[in-house]
Participant: 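Got a structure for you, questions after.
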Amino acid sequence: MPELPEVEVARLSFADVAAGARVTDVVLGKPLRWPLGCEPARLVGAHLGVAQRRGKYLWLPVGPGGLLLHLGMSGSLRWLAPQAPPRQAHDHFELHTDRGVLRLTDPRRFGAVVWSESREAGMAARLLAGLGVEPLEPGFDGPYLHAALQQRRSAVKTVLLAGDVVVGAGNIYACEALFAAGIDPRTRSDRISRPRAARLALAIREVLARALTLGGSTLRDFRDAHGMAGAFQEQAKVYGRAGQACTACTSTVRRIVQAQRSTFFCPTCQRR
DNA sequence: CGGGACGCCTGTGAGC
DNA sequence: TGCTCACAGGCGTCCC
């Protein structure tokens, strides 16, 4: 589910209230993608820092180390009052504090919560290594994207999804950004010209930024930490619209499969 | 080494 | 109504 906007929306909705809180208990449900990596009791008594985001990961400082969180395909985070409603079937991680409860709900359990000594060491460092640049930060621009795309030969959509050039754009926003830039998702990465790369970089930034202001996309179950749904999905131009009319021309939006993932695009508005 | 397929797990909606 | 199948917002790992 969650791509960069959803993860950032989640972060913003609990980071301030959680910072400084003292951990009183840790409650685990079914196993997530990886084991926690430490005794839950080790976290009790530690104070939380300000949650940070890197790509689709969140780093939550806890005492001397921290937790690296990922929402996978179906995860969502809620910040609940100290007297939280009882844990339900899909609630697999809870950090109880003196100020409230951070709860991860994740039906598919592709998500993760992993203890690490620091962001720069252990499991966190391993998982964060190799991530591409942050699309909403200054280092991401046309020249950077063009140079990076020149190094790759697979389809541009696949390169965007891989996350080692630029992080944060998952299936929805990769499709939407390519539509906004007028680029056929099957175009070989190294055949994207300089101006088109510049347009694509801008499109990625704009699509992600707009999704952020709309609170992300809620396709099925995404909610922010206060339980609010996002609204971006109502603005999607191609994602999930196969067989429907393009919003910009008379063509029909197509669905194809690239690297085991659905790709949606307009065969007229998007060119190789 | 780049690139693609696999598998992790559960839920939902479509079609029969 | 109930079953089966396709598909779902991600990504580390394995194999070619």
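Everything quoted here is computed from the prediction, not taken from an experiment. In what follows, chains are A, B, ... by sequence order, proteins preceding strands, each numbered from 1.
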Participant: Looking across every strand, which nucleic acid part, if any, lies under 4.0 Å from A:Arg152 by heavy atom: base, sugar-phosphate, or nothing?
Facilitator: sugar-phosphate

Participant: Send over the distance from A:Leu104 CG to B:dC9 P, rounded to a whole Å.
Facilitator: 16 Å

Participant: Dot-bracket for DNA chain C, 5' to 3', counting Watson-Crick or G-U wobble pairs under 3.5 Å, with [ ] for crossing pairs and | for inter-strand pairs?
Facilitator: .|||||||.|||||||

Participant: In whole angstrom, give the distance that lies between atom CG of A:Leu68 and atom P of C:dG10.
Facilitator: 17 Å

Participant: Considering only NZ, NE, NH1 and NH2 on the basic side and carboxylate oxygens on the acidic side, decide whether A:Arg42 and A:Glu117 come within less than 4.0 Å.
Facilitator: yes

Participant: Answer yes or no: does a side-chain N or O of A:Thr158 lie under 4.0 Å from OP1 or OP2 of B:dG3?
Facilitator: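 No, A:Thr158 has no side-chain N/O under 4.0 Å of OP1/OP2 on B:dG3.
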
Participant: What's A:Arg109 touching, base or sugar-phosphate or nothing? Going by heavy atoms closer than 4.0 Å.
Facilitator: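 The residue A:Arg109 makes sugar-phosphate contact but no base contact.
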
Participant: Expressed in angstrom and rounded to an integer, what is the separation of A:Leu208 atom CG from C:dG9 atom P?
Facilitator: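 The answer, rounded to whole Å, is 16 Å.
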
Participant: Closest nucleotide of DNA chain B for A:Gln260 versus for A:Arg108: which of these residues is on the 5' side?
Facilitator: A:Gln260

Participant: Test A:Thr105 against A:His92 for side-chain contact (heavy atoms from CB on, under 4.5 Å), laying out the working first.
Facilitator: CA-CA 6 Å; A:Thr105 304; A:His92 300 304; over 6 Å; no

Participant: Contact class for A:Leu127 vs. all strands (heavy atom < 4.0 Å): base, sugar-phosphate, or nothing?
Facilitator: sugar-phosphate

Participant: Check whether any side-chain N or O of A:Arg33 sits under 4.0 Å from OP1 or OP2 of C:dG12, and answer yes or no.
Facilitator: no

Participant: C:dA6 P sits how many Å from A:Arg261 CZ, rounded?
Facilitator: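 Rounding to the nearest Å, CZ of A:Arg261 and P of C:dA6 are 18 Å apart.
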
Participant: Evaluate the criterion side-chain contact (heavy atoms from CB on, under 4.5 Å) for residue pair A:Asp91 and A:Arg78; output intermediate values, then yes/no.
Facilitator: CA-CA 10 Å; A:Asp91 300 334; A:Arg78 300 286 299 272; over 6 Å; no

Participant: Is any side-chain heavy atom of A:Val133 closer than 4.5 Å to one of A:Val165?
Facilitator: no

Participant: What is the distance, to the nearest angstrom, from the CG atom on A:Leu32 to the P atom on C:dG10?
Facilitator: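 Those two atoms, CG and P, are 17 Å apart.
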
Participant: It should be established whether A:His70 places a side-chain nitrogen or oxygen under 4.0 Å from OP1 or OP2 of nucleotide C:dC11.
Facilitator: yes

Participant: Expressed in angstrom and rounded to an integer, what is the separation of A:Leu161 atom CG from C:dG12 atom C1'?
Facilitator: 15 Å

Participant: Taking the same atom, P, in C:dG12 and in B:dG11, what whole-Å distance lies between them?
Facilitator: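 Approximately 24 Å lies between the P atom of C:dG12 and that of B:dG11.
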
Participant: Please test A:Leu69 against A:Leu71 for side-chain contact (heavy atoms from CB on, under 4.5 Å), starting from the C-alpha separation and ending with a verdict.
Facilitator: CA-CA 7 Å; A:Leu69 294 92; A:Leu71 301 181; 5.6 Å; no

Participant: Between B:dC1 and C:dC11, how far apart are the two P atoms, rounded to whole Å?
Facilitator: 23 Å

Participant: Would you please determine if the base of B:dC8 is stacked by A:Phe110, with stacking meaning a centroid separation under 5.5 angstrom and planes under 30 degrees?
Facilitator: yes

Participant: Considering only C:dC11, C:dG10, C:dC7, which nucleotide approaches the side chain of A:Tyr57 most closely?
Facilitator: C:dC11

Participant: Got a salt bridge between A:Glu6 and A:Lys56, using NZ or NE/NH1/NH2 to carboxylate O under 4.0 Å?
Facilitator: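 Salt bridge between A:Glu6 and A:Lys56, a charged N being under 4.0 Å from a carboxylate O: no.
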
Participant: Could you tell me the separation between the CD1 atom of A:Ile192 and the CZ atom of A:Arg199, rounded to the nearest 0.5 Å?
Facilitator: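 It comes to 9.5 Å.
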
Participant: So which nucleotide from B:dT10, C:dG12, C:dG9 ends up closest to the side chain of A:Trp34?
Facilitator: C:dG12

Participant: Would you say a side-chain N or O of A:Ser74 is under 4.0 Å from OP1 or OP2 of B:dC9?
Facilitator: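 False: A:Ser74 side-chain N/O out of range (4.0 Å or more) of B:dC9 OP1/OP2.
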
Participant: Would you call the rings of A:Phe14 and A:Trp79 parallel, tilted or perpendicular, taking 30° and 60° as the class edges?
Facilitator: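 If you compare the ring of A:Phe14 with that of A:Trp79, the planes turn out parallel.
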
Participant: Is it the case that atom CZ in A:Arg272 sees more than 12 heavy atoms from other parts of the structure closer than 6.0 Å?
Facilitator: yes

Participant: Looking at C:dA8, B:dG3, B:dT10, which one has an atom nearest to any side-chain atom of A:Lys30?
Facilitator: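 For the A:Lys30 side chain, the nearest candidate turns out to be B:dT10.
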
Participant: Looking only at side-chain atoms of A:His90, point me to the closest of C:dA8, B:dG2, B:dT10.
Facilitator: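 Selected nucleotide (nearest to the side chain): B:dT10.
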
Participant: Taking 4.0 Å as the cut-off, does a side-chain nitrogen or oxygen of A:Tyr173 come that near to OP1 or OP2 on C:dG9?
Facilitator: no

Participant: Report the distance from atom CG of A:Asp164 to atom P of C:dG12, rounded to the nearest whole Å.
Facilitator: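 Result: 10 Å.
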
Participant: Between B:dC8 atom C1' and A:Met73 atom CE, what is the distance in whole Å?
Facilitator: 11 Å

Participant: Can you find a side chain N or O atom of A:Lys56 that sits less than 4.0 Å from OP1 or OP2 on C:dG9?
Facilitator: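 No.
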
